[in-house]
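Written below as structure tokens is the structure these notes are about.
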Amino acid sequence: MSEILKVLKGTKDILPQDVNMWHLVEQKADEIFSKYGFKEIRTPIIEVTELFSRGVGDTTDIVNKEMYTFEKSDRSITLRPENTAGVVRAYIENGMSRLSAPVKLWYKGPMFRYERPQAGRQRQFHQVGVEMFGIKQPTADAEVILMATNFLKSLGLNDLEVEINSLGCPKCREEFKNRLKEVLKPYLSELCEDCQKRYEKNPLRLLDCKVESCKKIFEKPEIQEVVNSDFICEECEEHYTAVKLYLDRMGVKYIENKQLVRGLDYYNRTVFEIKSNNLGSQNAVCGGGRYDGLVGQLGGEPTPAIGFAMGMERLISLIPKLEPKKLDGYIVSEHPVDAFLFAEELRHEGLNVEFDLTTKKFSKQIEKAAKVAKYALILGEDEIANHCVSIKNLEKGTQITVDRIDCIKMLEL
RNA sequence: GCGGGAGUCGUCAAGCGGUCAAGACCUCGGAUUGUGGUUCCGAUAUGCGUGGGUUCGAAUCCCAUCUCCCGCCCCA
């Protein structure tokens with residue numbers, strides 16, 4: 001197969017037989033998010049590169065090695081690797097801070113990351129996500145998490161686990177980082193290469209290293225003490241406790257996971273993930289958290305905010321396949337003009353109808369009808385002469401002949 | 001970016017150095033000249049991811065490359 005006949009690595013065609021799954025996810029997103037007052041927003045797929053380096057954070061892998069970036073008329077442009085930065089940009093640029101808080105937005109669409117593809121990970125993938133601006137109270141955190149679980153339930157996904165954690169605010173997190181670095185300093189040379197990098201870049205990520213030798217070091221009592229200490233300040237603690245209380249009252253089951261550290265720099269306080277055991281190693285279907293500093297950091301009025309994103313491919317892989325939809329009717333006739341006219345008539349009435357464009361033999365047309373439609377609509381000599389149609393129910397095998405005017409009523413039954 | 005496995009018709013697959021590359025499903029045509037989903041017959045890979053090499057001979061061996069899968073990393 002020549003190069004031009006292959007999709008690019010890490011990209012996929014979404015084929016007709018799977019599109020109904022995508023529609024289902026999109027339609028449920030619209031339905032559920034609307035119930036909570038979220039409005040859809042569509043932002044461009046390309047943005048100025050700096051939006052991501054400043055927004056997502058230039059210590060992250062996403063920005064450092066995974067962006068599709070190119071130059072055009074002296075500007076550095078990037079295919080969005082995620083959509084929070086873009087939505088925040090739109091929020092600021094369109095003056096949405098003047099709107100009455102909360103401003104609740106949701107989006108869906110393709111994202112691009114130059115990564116090594118594997119199960120549940122593509123270079124072009126799709127996310128549905130939400131962002132809520134202007135509410136610092138823990139009710140916002142709880143509402144967003146609750147909505148995420150309800151959305152997943154509406155797709156029939158029940159055996160998922162919600163994990164939550166609090167990263168504290170910049171102040172208390174900084175203190176924690178320093179304490180962590182201090183206690184790890186003596187072992188720095190024993191840590192794996194990645195951890196040594198993380199030590200400088202993002203010490204919080206050290207905690208979920210999978211290398212055995214690192215794990216052993218982290219098990220040392222003096223380190224465990226720091227890891228398990230409740231480093232977050234009183235205000236953050238209060239916020240976190242309230243979030244958990246609301247979740248408890250709303251019946252949302254969750255697991256607290258102190259190791260849960262999201263990879264994007266902008267998060268603070270509440271972070272959460274929703275995981276499935278049926279996804280292999282890329283097991284998160286949803287990830288999100290609070291990012292109170294981002295709007296200000298990008299040049300807007302400081303505005304608290306919280307959101308999440310879900311991987312649509314991962315969602316769809318968890319949903320049982322839907323049966324493809326059949327046509328309402330397939331017109332069987334050896335007289336193309338009559339078939340054509342009748343098909344159009346029915347289409348105008350809102351029915352999905354096809355007829356045989358090649359005028360094959362009668363029995364072949366019936367066979368085709370049985371494959372693609374619920375009813376065969378037979379227009380033979382007699383029917384044409386009497387302006388009627390024979391309707392054959394292809395599941396039951398029954399057949400009746402009616403006046404064409406009554407056909408639509410019959411099909412709707 | 002780093003490890004491991006795999007690539008034979010649209011799909012699932014047999015073949016593992018020596019005729020014409022099994023078979024099944026799908027698709028198409030016929031048996032059936034106005035009635036299908038059962039049955040029967042027939043068609044469909046000068047080709048075995050791609051490019052080199054070894055050999056009298058290669059889908060089968062070797063090298064490279066691409067892609068997919070699994071793990072690491074990272075994340076949705």
Side-chain angles (χ1 to χ4, degrees), chain A residues 1-3 5-12 15 17 25 56 59-66 81-84 108-129 148 152 192-195 197-198 201-202 205 208-212 214 260-264 271-276 279-288 307-318 330 332-335 358 360-373 375-384 390-399 401:
Chain A
M1 198 78 77
S2 75
E3 285 278 305
L5 293 181
K6 278 191 147 175
V7 288
L8 238 24
K9 183 174 183 163
T11 66
K12 278 203 165 76
L15 299 170
Q17 64 265 31
V25 171
V56 180
T59 65
T60 62
D61 278 8
I62 292 180
V63 167
N64 274 317
K65 37 188 199 199
E66 296 175 4
E82 57 95 60
N83 206 30
T84 296
K108 57 166 193 260
M111 309 295 159
F112 304 84
R113 292 181 198 172
Y114 191 79
E115 291 185 271
R116 179 87 173 250
Q118 68 179 68
R121 193 166 80 184
Q122 292 167 210
R123 289 180 174 179
Q124 178 180 165
F125 62 103
H126 298 77
Q127 291 186 328
V128 260
L152 295 167
C192 71
E193 213 176 299
D194 286 326
C195 278
K197 276 188 222 149
R198 291 191 192 106
K201 257 171 48 180
N202 193 351
R205 287 218 76 90
D208 52 13
C209 183
K210 272 113 194 162
V211 177
E212 281 305 317
C214 292
L260 179 62
V261 178
R262 313 232 63 255
L264 287 65
V271 291
F272 61 97
E273 269 183 21
I274 302 178
K275 293 178 180 171
S276 164
L279 277 176
S281 69
Q282 309 302 322
N283 62 353
V285 287
C286 174
F308 65 72
M310 302 199 189
M312 295 179 78
E313 283 83 357
R314 291 184 193 177
L315 287 177
I316 286 165
S317 73
L318 292 172
Y330 191 91
V332 174
S333 176
E334 281 160 338
H335 304 271
T358 59
K360 270 197 265 297
K361 283 171 43 172
F362 193 87
S363 65
K364 286 291 167 191
Q365 291 193 35
I366 290 276
E367 198 178 323
K368 173 82 173 178
K371 268 178 212 151
V372 301
Y375 295 94
L377 309 174
I378 302 165
L379 291 184
E381 307 290 346
D382 296 350
E383 286 90 348
I384 289 168
S390 294
I391 302 174
K392 180 171 178 125
N393 182 322
L394 292 158
E395 272 148 45
K396 296 181 188 150
T398 55
Q399 182 171 328
T401 302

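Letters go in sequence order (proteins before strands), and every chain restarts at 1.
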Study note, to complete from the structure: Pairing partner of B:C9, by Watson-Crick or G-U wobble and under 3.5 Å for both distances, is none
Practice item. Give a yes/no on whether any side-chain N or O of A:Ser390 is located under 4.0 angstrom from OP1 or OP2 of B:U35. Key: no
Study note, to complete from the structure: RNA chain B nearest-nucleotide lookup for A:Gly311 and A:Gly280: closer to the 5′ end is A:Gly280
Exercise for review: Give the rounded distance in Å between these two atoms: CG of A:Leu377 and C1' of B:U35.
Suggested key: 13 Å
**Study point:** A:Lys392 vs B:U35: side-chain N/O to OP1/OP2 distance below 4.0 Å
**Key:** no
Review point. When all nucleic acid strands are considered with a 4.0 Å heavy-atom cut-off, which category describes A:Gln365: base, sugar-phosphate, or nothing?
Key: nothing
Review point. Got a donor-acceptor contact below 3.5 angstrom from the A:Arg314 side chain to the A:Ala284 backbone?
Key: yes
Check your understanding: Any idea which of B:U35, B:C69, B:C73 is nearest the A:Asp61 side chain?
Key -> B:C73
Review point. For the residue pair A:Gln127 and A:Glu82, what are the closest heavy atoms and their distance?
Key: OE1-CA, 4.2 Å
**Study point:** Least distance between heavy atoms, A:Ser390 atom then A:Glu383 atom
**Key:** OG-OE2, 2.6 Å
Review point. Contact class for A:Leu394 vs. all strands (heavy atom < 4.0 Å): base, sugar-phosphate, or nothing?
Key: base
**Study point:** Atom pair distance, as rounded to whole Å: CD in A:Gln17 and C1' in B:G10
**Key:** 11 Å
Study note, to complete from the structure: Regarding the side chain of A:Gln282, the nearest nucleotide among B:U67, B:G36, B:C75 is B:C75
Practice item. With the side chain of A:Arg116 defined as its heavy atoms from C-beta on, choose the nearest nucleotide among B:A76, B:G1, B:G36. Key: B:G1
Check your understanding: How far does the P atom of B:U32 sit from the matching atom of B:C26, given to the nearest Å?
Key -> 22 Å
Practice item. Name the nucleic acid region contacted by A:Gly380, choosing base, sugar-phosphate or nothing; use a 4.0 angstrom heavy-atom cut-off, strictly under. Key: base
**Study point:** Whole angstrom value for the distance that separates P of B:G34 from CD1 of A:Ile378
**Key:** 12 Å
Revision key, fill the gap. Here the distance between atom P of B:G71 and atom CD of A:Glu115, to the nearest Å, is 14 Å
Check your understanding: Distance between the C1' atoms of B:U44 and B:A21, in whole angstroms?
Key -> 14 Å
Review point. Which distance, rounded to the nearest 0.5 Å, do you find between the CD of A:Gln282 and the CD of A:Glu313?
Key: 12.5 Å
Check your understanding: Is a donor on one side and an acceptor on the other found under 3.5 Å between the side chain of A:Arg113 and the backbone of A:Ile62?
Key -> no
Review point. For atom C1', what is the distance between B:C40 and B:G49, given to the nearest Å?
Key: 38 Å
Review point. According to the Watson-Crick and G-U wobble definitions, with both distances under 3.5 Å, which nucleotide is paired to B:C40?
Key: B:G30
Check your understanding: Within the structure shown, what part of the strands sits under 4.0 Å from A:Gly397 by heavy-atom distance: base, sugar-phosphate, or nothing?
Key -> base
Check your understanding: Of A:Lys65 and A:Glu313, whose nearest nucleotide on RNA chain B comes first from the 5' end?
Key -> A:Lys65
Review point. Going from CD on A:Gln365 to OG1 on A:Thr358, what distance comes out if it is rounded to the nearest 0.5 angstrom?
Key: 7.0 Å
Check your understanding: In whole Å, what is the span from the NZ atom of A:Lys275 to the P atom of B:A76?
Key -> 12 Å
Check your understanding: Where is the tightest heavy-atom contact between A:Val332 and A:Phe362, given as atom of each residue plus distance?
Key -> CG1-CE1, 3.5 Å
Check your understanding: Ignoring hydrogens and angles, does a donor from either the side chain of A:Arg121 or the base of B:C69 sit under 3.5 Å from an acceptor on the other?
Key -> no
**Study point:** A:Leu318 CG to B:A76 P, straight-line distance once rounded to whole Å
**Key:** 16 Å
Review point. Of the candidate nucleotides B:G71, B:A76, B:G34, which contains the atom at the shortest distance from the side chain of A:Gln118?
Key: B:G71
Exercise for review: Report the base-pairing partner of B:G3 (Watson-Crick or G-U wobble, both distances below 3.5 angstrom), or none.
Suggested key: B:C70
Review point. Which whole number of Å gives the distance between the P atom of B:A24 and that of B:A14?
Key: 15 Å
Point to revise | Side-chain-base donor-acceptor pair under 3.5 Å for A:Gln399 and B:G34 | key: no
Check your understanding: How many angstroms lie between CD1 in A:Ile366 and NZ in A:Lys392, if you round to the nearest 0.5 Å?
Key -> 6.0 Å
Review point. Which value, in whole Å, describes the distance between the C1' atoms of nucleotides B:C2 and B:A76?
Key: 23 Å
Exercise for review: Can you tell me, in whole Å, how much space there is between the P of B:G47 and that of B:U60?
Suggested key: 15 Å
Check your understanding: With rounding to whole Å, what would you report as the distance between B:U11 and B:G7 at their P atoms?
Key -> 15 Å
Review point. When you check the glycosidic angle of B:G10, does it come out syn, meaning within 90° of 0, or anti?
Key: anti
Just the atom pairs and distances: protein N or O near nucleotides 28-33 of chain B's N or O, under 3.5 Å.
residue, atom, partner, partner atom, Å
B:A31, OP2, A:Lys361, NZ, 3.0

Check your understanding: When the C1' atoms of B:G17 and B:C61 are considered, how many whole Å apart are they?
Key -> 8 Å
Point to revise | OH-CZ distance between A:Tyr114 and A:Arg123, expressed to the nearest 0.5 angstrom | key: 4.0 Å
Check your understanding: Hey, does A:Gly288 reach any base, or is it just sugar-phosphate, or nothing, if we go heavy atoms under 4.0 Å?
Key -> nothing
Check your understanding: Partner of B:U19 by Watson-Crick or G-U wobble geometry, both contacts under 3.5 Å, or none?
Key -> none
Point to revise | Between C1' of B:C75 and CD1 of A:Ile274, the distance in whole Å | key: 15 Å
Review point. Around atom NZ of A:Lys368, are there more than 12 heavy atoms of other residues, nucleotides or ligands at under 6.0 Å?
Key: no
Study note, to complete from the structure: By the Watson-Crick or G-U definition, both distances under 3.5 Å, B:A64 is matched with B:U50
Practice item. Verify whether one side chain among A:Gln124 and A:Thr11 offers a donor that lies under 3.5 Å from an acceptor in the other. Key: no
Check your understanding: Counting any heavy atom closer than 4.0 Å, what does A:Ala309 reach on the DNA or RNA strands: base, sugar-phosphate only, or nothing?
Key -> sugar-phosphate
Practice item. Using atom CD of A:Glu66 as one end and atom C1' of B:C74 as the other, report the distance to the nearest whole Å. Key: 6 Å
Practice item. Select base, sugar-phosphate, or nothing to describe what A:Glu395 touches, counting heavy atoms under 4.0 Å on all strands. Key: base
Review point. Counting any heavy atom closer than 4.0 Å, what does A:Glu334 reach on the DNA or RNA strands: base, sugar-phosphate only, or nothing?
Key: nothing
